Amino acid sequence: MKLYNTMSRKVEDFKPIEDHKVGMYCCGPTVYNFAHIGNLRTYVFEDILRRTLEKNGYKVRHVMNITDVGHLTGDGDDGEDKLEKRSRETGKSVWDIAAFYTEAFMNDTASLNIKRPTVICKATDHIKEMIDLVKSLEDGGHTYISGGNVYFSIDTIDDYGKLAKLNLDELKAGARISVDDNKRNPKDFVLWFTNGKFKDQVMVWSSPWGVGYPGWHLECSAMSMKYLGKHFDIHCGGIDAIPVHHTNEIAQSEAATGEKPWVDYWCHGEFLINDKGKMSKSSGEFLTLSVLVDHGYEPLDYRYFCLTGHYRSQLKFSYEALDHAKSARQSLNDKVASLKKDVSPASTLSGKAEEYRHAFFDAMSNDLHAPQALAVLWSMLKDDEVPDDQKLALLLEMDSILGLSLDKVEAKKDESIPQEVLALVSERAEAKKNKDFKRSDEIRDRLISMGWSVKDTPQGPVVAKIL
RNA sequence: GGAGUCGUACCCAAGUGGCCUAAGGGGACGGUCUGCAAAACCGUUUUUUCAUCGGUUCGAAUCCGAUCGACUCCUCCA
């Protein structure tokens, strides 16, 4: 399979460190608020990546962190911890805030049918590992203490910024940001903050440098290496993480272990944007999954919507576009339901079906070209040369990557229809037989007002709940 | 100020030198079917057209340049 590697800026053949196994680390959420649908796009992308790897025969160890501490609202030491800020605003404890939004996040991802990572690790449970990492950096001469904080000195390594292809001289010259006077180099970053910066900081731990809390890049390095080793296959995140977060992770991880490369493949998801540009928690409408649900969409409509664009392209969100995805998914589900009613999935595929199967999985295995794969799916559905039982079998197999829960779509049945409705339907059939169309239309209108639609097919009337 | 991405038919969105007279979905419209609808199925919207202008090439949506427009990053952010 092929994957685009941000480090090389090329699509590369994927070769794992160990045969048939993949270690994959994904930057998780900072749990000070709900995730918006832009955040969630990245987790859908990572889920598709994981499922595609699994489909290609790899056993995937998928690790994701929960950032429940130390994520500052600003750079340097002038920002405020987001959790503490939220705590102050709401009157709840930081621990309650973290627990609440962690659960909300897990619910969101579950409803999007995102597979649960193999390991979910919280930053606050790994302070010791972070301190150890700082210690080894200190032993290696990569740190200095200034203004009460422990900094990583990027001038102690010779390839800082390689992931983002940063030109350090130009950055300095064009720097727009206020430079922290405590830093020797403007791009140096804090490994450990000591206390005394903010009053009433709740989340603090003792360390060799005093009571305080970790810098926010530290957790991903410490936890990924704890669960995946000093060298692992894939590290994922949003593209915004490239220039600062991932750049700093690489710097501190490779400096700490002395091993390069730390990670073989860097995979980044592009942004979801709207008319005004990037979705953000601070400006514009704060679109969460539950807002979409309130508007009458199902979470999987949004998942389908994500699949219609390539993960490395910006995707434009609008309710109109989401409606398209909803309609498409509805008709896919209808197709599956009617196939399930008529046939059982074939145990083997042949001829044309096998060709579609290859086309689909080739598209997915080629840097996750989901839109192409969907096109293959639809062409296959419309192809009369593919028998229905093979269509169903292939759809279900495709869904192992798409994750649209096609396996849970129920075969078309009349079971859950109330007696009252059934009685009206047969009364209408009787009226139609007697050509009493006035009466039959009355009944149809009444059924519609009750929330049921009637469709007259060659096989007789079909009743369905109006959604 | 610096770095980079993108602009595809009504909408979303693939395609990144010849198999493109541009996938797929959505919408709209027309047809079949129907007492009428709905659903389903078929067709049209899509023959030089891929922001505009110019260039390279036997050949460009795809490469190069300019222009216009949109966006992202360099600052917490998926």
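Here the structure is a predicted model, which is why all the values come from computation and not from measurement. A, B, ... follow the sequence lines: proteins, then strands. Residue 1 opens every chain.
As a whole-Å value, the separation of A:Leu322 CG from B:rC11 P is 18 Å. The distance between atom NE2 of A:His246 and atom P of B:rA78, rounded to the nearest whole Å, is 11 Å. The separation between A:Leu402 atom CG and B:rG24 atom P is 17 Å, rounded to whole Å. A straight line from CZ of A:Phe271 to P of B:rG4 spans 18 Å, rounded to a whole angstrom. At whole-Å resolution of the value, NE2 in A:His235 and P in B:rA78 are 13 Å apart. In this structure, A:Ile242 atom CD1 and B:rC77 atom C1' are separated by 13 Å, rounded to whole Å. In this structure, the CD1 atom of A:Ile448 is 17 Å from the P atom of B:rC36, given to the nearest Å. Remark: P of B:rC76 and CZ of A:Phe189 are 12 Å apart, rounded to the nearest angstrom.
Phosphate contact (OP1/OP2 of B:rA39, side-chain N/O of A:Lys335, threshold under 4.0 Å): absent. For A:Ser327 and B:rG27, the shortest distance from a side-chain N or O to OP1 or OP2 is below 4.0 Å. Between A:His369 and the phosphate of B:rA23, there is no side-chain N or O to OP1/OP2 separation shorter than 4.0 Å. Side-chain nitrogen and oxygen atoms of A:Lys432 include none within less than 4.0 Å of the OP1 or OP2 phosphate oxygen of B:rA37.
Between A:Leu402 and A:Leu374 the shortest side-chain heavy-atom distance falls below 4.5 Å. At a threshold of 4.5 Å between non-hydrogen side-chain atoms, the residues A:Leu292 and A:Tyr319 count as touching. Under the 4.5 Å side-chain criterion, counting only non-hydrogen atoms from C-beta, A:Glu397 is in contact with A:Lys55. The closest side-chain heavy-atom distance from A:Met64 to A:Pro29 is below 4.5 Å. For the pair A:Thr288 and A:Ile37, the minimum side-chain heavy-atom distance is 4.5 Å or more. The closest side-chain heavy-atom distance from A:Met106 to A:Asp108 is not below 4.5 Å. Considering only heavy atoms from C-beta on, A:Phe100 stays 4.5 Å or farther from A:Val31 through its side chain. At a threshold of 4.5 Å between non-hydrogen side-chain atoms, the residues A:Glu427 and A:Arg439 count as touching.
Here B:rC36 is the nucleotide among B:rC36, B:rA78, B:rC74 with the atom lying nearest to any side-chain atom of A:Asp441. Side-chain proximity of A:Ala328 to B:rG25, B:rA23, B:rA78: nearest is B:rG25. Taking only side-chain atoms of A:His324, from C-beta outward, the nucleotide of B:rC36, B:rC71, B:rG26 with the closest atom is B:rG26. Comparing B:rG25, B:rA14, B:rG24 against the side chain of A:Ser313 picks out B:rA14 as the nearest. Side-chain proximity of A:Gln372 to B:rA78, B:rG24, B:rG15: nearest is B:rG15. When distances run from any side-chain atom of A:Ile273 to the nucleotides B:rC36, B:rC71, B:rA38, the shortest one goes to B:rC71. Side-chain proximity of A:Lys455 to the nucleotides B:rC74, B:rU72, B:rA38 is greatest for B:rA38. If you check B:rA78, B:rA14, B:rC36 against the side chain of A:Tyr43, the one that comes closest is B:rA78. In the set B:rG35, B:rC76, B:rC36, B:rC76 carries the atom at the smallest distance from any side-chain atom of A:Trp216. The listed nucleotides are B:rC71, B:rA78, B:rG24; the one nearest the side chain of A:Trp378 is B:rG24.
Taking the P atom of each, B:rG65 and B:rA3 are spaced 14 Å apart, rounded to whole Å. The separation of B:rC19 from B:rC29, taken at their P atoms, amounts to 35 Å, rounded to a whole angstrom. Look at the P atom in both B:rA61 and B:rG55: the space between them is 15 Å, to the nearest Å. Nucleotides B:rG15 and B:rC6 have their C1' atoms positioned 15 Å apart, rounded to a whole Å. The gap from the P atom of B:rA39 to that of B:rC77 amounts to 47 Å, rounded to the nearest Å. The same atom, P, is picked in B:rG25 and in B:rG43; the two are 11 Å apart, to the nearest Å. Look at the P atom in both B:rA78 and B:rC68: the space between them is 35 Å, to the nearest Å. Nucleotides B:rU52 and B:rG69, compared at atom P, are 15 Å apart to the nearest Å.
Between A:His36 and A:Phe286, the two ring planes are perpendicular [angle over 60°; tilted spans 30° to 60°]. Ring pair A:Phe105/A:Tyr43 is perpendicular by interplanar angle, where above 60° counts as perpendicular and below 30° as parallel. Aromatic ring pairs are classed by plane angle as parallel below 30°, tilted from 30° to 60° and perpendicular above 60°; the pair A:Trp266 and A:His235 is parallel.
Evaluation of atom-type donor-acceptor distances gives no pair under 3.5 Å for the side chain of A:Asp334 against the base of B:rA40. In this model, a side-chain donor or acceptor of A:Arg444 finds a partner on the base of B:rA37 within 3.5 Å.
No contact: A:Val376 has no heavy atom under 4.0 Å from any strand. Within the 4.0 angstrom heavy-atom criterion, only backbone atoms of the sugar-phosphate kind lie near A:Gly309; the bases stay farther away. Residue-level contact check: A:Pro243 touches the backbone only, with heavy atoms under 4.0 Å from sugar-phosphate atoms and none from bases. Residue A:Lys433 is classed as having no contact, given no heavy-atom separation below 4.0 Å to the nucleic acid. A:Ser318 comes within contact range of no nucleotide atom at all, as no heavy-atom separation falls under 4.0 Å. Within 4.0 Å of A:Thr308, counting heavy atoms only, lie sugar-phosphate atoms of the nucleic acid but no base atom. No engagement by A:His268 is indicated, since no non-hydrogen atom pair under 4.0 Å with the nucleic acid exists.
For RNA chain B, runs of at least 3 consecutive pairs of the Watson-Crick or G-U wobble type, with both hydrogen-bonding distances under 3.5 angstrom, map to B:1-7 with B:68-74, B:10-12 with B:24-26, B:27-32 with B:40-45, B:51-55 with B:63-67.
Between A:Phe34 and A:Tyr101, the ring center distance clears the sub-6.0 Å criterion. Taking the six-membered ring for Trp and the full ring otherwise, A:Tyr227 and A:Phe232 have centroids separated by 6.0 Å or more.
The only option from A:Asp13, A:Asp362, A:Asn366 that meets the side chain to side chain donor-acceptor pair (under 3.5 Å) definition with A:Lys2 turns out to be A:Asp13.
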Just the table, please: protein N/O against nucleotides 8-10 of chain B N/O, every pair under 3.5 Å.
none

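With RNA chain B read from its 5' end, the first of the two nearest nucleotides for A:Glu320 and A:Phe437 is the one closest to A:Glu320. Checking A:Asp323 against A:Leu40, the closest nucleotide of RNA chain B that is more toward the 5' end is the one next to A:Asp323.
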